[in-house]
Amino acid sequence: MSMRSWMMRRMGMAILVPPNPIPSIIPTFPRSFTTLTTPFLTTSRRLTLSAPSSSSSSHYHFSDFDAGEGDCVANAIPWNGSKVLLKGMTYTQLQKWVQSHGYRPGQAMMLWKRMYGNDIWAFHTDELEGLNKDFKKMLSEKAEFRALSLKEIRTAADGTRKILFALDDGMVVETVVIPCDRGRTTVCVSSQVGCAMNCQFCYTGRMGLRRHLTAAEIVEQAVFARRMLTSEVGSITNVVFMGMGEPLHNIDNVIKAADIMVDEQGLQFSPRKVTISTSGLVPQLRRFLHESKCALAVSLNATTDEVRNWIMPINRKYKLDLLLGTLREELCSKRNYKVLFEYVMLEGINDSDDDAKRLIELVKGIPCKINLISFNPHSGSFFRPTKEERMIEFRNTLAGGGCTVFLRLSRGDDQMAACGQLGKPGTIQAPLLRVPQQFQMAIGNSA
């Protein structure tokens, strides 16, 4: 037994370490857990979960390891069994791989355009019209086009599509396509199966983190949406990383996937129309702003640390002052760049006049827009959505204070496809946290 394991056992703690570099376990929480006393540490890669062996205790703790492994992930050629997985490669990687098999770079560009451009979105070699016959034979023997398998498409009353994909390991990930009459149809992609952040208003957070998605699994969500649904919903122009998972917890694969999406010879999404959302992982946020040209959204949802510590436990690690100060500092050097603040409105929790006034002060000096989002109910939640009249009043207060602010309507909620409704928690779920005293009446009235 290692010294660390001996010490953990002496303290009545059970430590579970994933055997693989990418997390693939569901945190196992005793049902009696009601409070989080230490923050999630969520830089990147592997997670270790320490949990009390006694059900009478109410403390648990996430730790992270190997935060510096990113370069290995970003530069690795992805494999699916004995075949290379084409959708997980950048164009530079694809070109080098093609040349390593004796073919010229021009063949790599033709392949790239048939996977991502020219309205082909190829899923197998039969769709590679115009490519060298020998090259196609090599691809059929050594390459795999598909990273996902379609499981089901559900259509909501408003036309929103919820797509369920099966992964190679049997897990399921969900993607949402949101049609827009104004020609801005959006695909909402997932970056993880489940999520480690445990935001209290989010259904996905109830799952805990199962594993990260690979770059190929992320990219193929957008490719599949264009291939299968463009004829029905029109051109898909926008991508939001707002599905299952915390994107910046899986930053290596997310940045790589976003780079593939905005490639001018491929999917050709505008960087300004590819938005990566985060709950507020400050070190990864800094890295993202330095390395990516894509847009950033920050899920804020509270105006005090006390409330945010409760509904978004990551705030116990990265407080509001640090998060917002980092944005002020980093955006000073970025021209014509605005961060999008997302604010899910919870009745009696974060929708008061004082909240509106504090929010105006919090975002001063940060080039930004604010989306006010109605909470979408789900099984097991004790929150209620703020009434529409109150949301309008809240918006008007923000606008009067000089903020650029929008109301975002729920889409697809009748198929559990709306914001915060994705996923399927199992019998073992992340814990609901203790409600602060001043909000117990609001929560009690909604129970």
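Reckoned from all heavy atoms, side chains included, excluding hydrogens, waters and symmetry mates.
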Gap separating the OG1 atom of Thr204 from the CG atom of Leu209, nearest 0.5 angstrom: 11.5 Å
Please table the atom pairs, donor to acceptor, closer than 3.5 Å between any side-chain atom in residues 392-401 and protein atoms at least two apart or in another chain.
unit_1, atom_1, unit_2, atom_2, d
Glu393, OE1, Arg390, NH1, 2.9
Asn396, ND2, Ile392, O, 3.4
Thr397, OG1, Glu393, O, 3.1

Lys338 atom NZ: more than 12 heavy-atom contacts under 6.0 Å: no
Glu152 with Lys162: basic N within carboxylate O range, under 4.0 Å: no
Residue pair Lys364, Glu361: steps toward the salt bridge (charged side-chain N to carboxylate O under 4.0 Å, His left out) verdict: CA-CA 5 Å; Lys364 275 187 177 177; Glu361 294 302 315; 3.1 Å; yes
Heavy-atom side-chain proximity of Ile236 to Thr186 below 4.5 angstrom: no
What side-chain donor-acceptor pairs closer than 3.5 Å can you find for residues 273-280, not counting sequence neighbours?
unit_1, atom_1, unit_2, atom_2, d
Ser277, OG, Glu342, OE1, 2.8
Thr278, OG1, Glu246, OE2, 3.0
Thr278, OG1, Gly280, N, 3.0
Thr278, OG1, Leu281, N, 3.4
Ser279, OG, Glu246, OE1, 2.8

Carboxylate-amine/guanidinium contact Asp351 Lys387, below 4.0 Å: no
Flag, side chain of Asp263 to backbone of Gln268, donor-acceptor distance under 3.5 Å: no
Closest approach of Leu433 to Gln200 (non-hydrogen atoms, all atoms of both residues): N-OE1, 2.7 Å
Evaluation steps, salt bridge (charged side-chain N to carboxylate O under 4.0 Å, His left out), between Glu217 and Lys87: CA-CA 8 Å; Glu217 290 165 338; Lys87 295 258 176 43; over 6 Å; no
Inter-residue atom distance Leu422.CG - Met207.CE, 0.5 Å rounding: 10.0 Å
Phe241 side, atom CZ; Leu296 side, atom CG - distance, nearest 0.5 Å: 12.5 Å
Minimum side-chain heavy-atom gap Leu94-Met115 below 4.5 Å: yes
From CA spacing to verdict: side-chain hydrogen bond (donor to acceptor under 3.5 Å, both in side chains), Asp158, Thr160: CA-CA 6 Å; Asp158 62 12; Thr160 298; 2.9 Å; yes
Heavy-atom side-chain contact between Val233 and Arg161 under 4.5 Å: yes
Side chain proximity check, Ile370 to Phe406, heavy atoms < 4.5 angstrom: no
Straight-line distance of Lys113 NZ to Leu267 CG, nearest 0.5 Å: 13.5 Å
Residues Asp259, Lys256: salt bridge by 4.0 Å N-O rule: no
Salt-bridge contact Arg114-Glu127 (side-chain N to carboxylate O under 4.0 Å): no
Value rounded to 0.5 Å, distance of SG in Cys368 from OH in Tyr337: 12.5 Å
Test item: Arg206 side-chain N/O and Pro425 main-chain N/O as donor-acceptor pair under 3.5 Å: no
Side-chain donor/acceptor of Thr326 to backbone N/O of Leu322, under 3.5 Å: yes
Audit row: His249, Gln192, side-chain hydrogen bond (donor to acceptor under 3.5 Å, both in side chains) steps and yes/no: CA-CA 9 Å; His249 187 192; Gln192 297 175 315; 3.1 Å; yes
Closest heavy-atom pair and its distance - Leu320, Thr304: CD1-C, 3.6 Å
Closest non-hydrogen atom pair, Asn350 against Asp355: C-OD2, 3.1 Å
Any donor-acceptor pair under 3.5 Å from Asn238 side chain to Arg184 backbone: no
Residue Lys96 excluded, over 12 heavy atoms near NZ under 6.0 Å: no
Minimum side-chain heavy-atom gap Pro385-Pro377 below 4.5 Å: yes
Side-chain donor/acceptor of Arg411 to backbone N/O of Pro179, under 3.5 Å: yes
Heavy-atom pair of closest approach, residues Asn301 and Ile311: O-CD1, 3.4 Å
Pairwise distance OG1(Thr175) to CZ(Phe165) - rounded to 0.5 angstrom: 4.5 Å
Gln95 vs Met109, side chain to side chain contact (heavy atoms under 4.5 Å, CB included): CA-CA, chis, key distance, verdict: CA-CA 8 Å; Gln95 186 181 62; Met109 178 55 71; over 6 Å; no
Side chain to side chain contact (heavy atoms under 4.5 Å, CB included) evaluation trace for Val363 with Cys403: CA-CA 9 Å; Val363 302; Cys403 297; 4.0 Å; yes
Min side-chain heavy-atom separation Val223-Tyr116 under 4.5 Å: yes
From CA spacing to verdict: salt bridge (charged side-chain N to carboxylate O under 4.0 Å, His left out), Asp119, Arg226: CA-CA 8 Å; Asp119 295 340; Arg226 276 193 169 173; over 6 Å; no
Backbone of Arg308 reached by a side-chain donor or acceptor of Asn315 within 3.5 Å: no
Minimal non-hydrogen separation, Gln221 against Glu174, with atom names: OE1-O, 4.0 Å
Backbone of Arg384 reached by a side-chain donor or acceptor of Glu347 within 3.5 Å: no
N/O donor-acceptor pair under 3.5 Å between Arg210 side chain and Gly208 backbone: no
Heavy-atom side-chain proximity of Gln438 to Glu306 below 4.5 angstrom: yes
Distance-only donor-acceptor check, side chains Asp413 and Ser410, under 3.5 Å: no
Lys/Arg N to Asp/Glu carboxylate O, Asp168 vs Arg146, below 4.0 Å: no
Ser190 side chain vs Met244 backbone, donor-acceptor pair below 3.5 Å: yes
Within 6.0 Å of CG in Asp321, more than 12 heavy atoms from elsewhere: no
Non-hydrogen side-chain atoms of Val187 and Ile178 separated by less than 4.5 Å: no
Stepwise side chain to side chain contact (heavy atoms under 4.5 Å, CB included) test for Met242 and Cys419: CA-CA 8 Å; Met242 299 179 184; Cys419 178; over 6 Å; no
Parallel, tilted or perpendicular: rings of Trp310 and Phe439 (30°, 60°): parallel
Gln265 to Trp112 - nearest heavy-atom pair and separation: O-CD1, 3.6 Å
More than 12 heavy atoms of other groups within 6.0 Å of Arg272 CZ: no
Any donor-acceptor N/O pair, Ser292 side chain to Leu289 backbone, under 3.5 Å: no
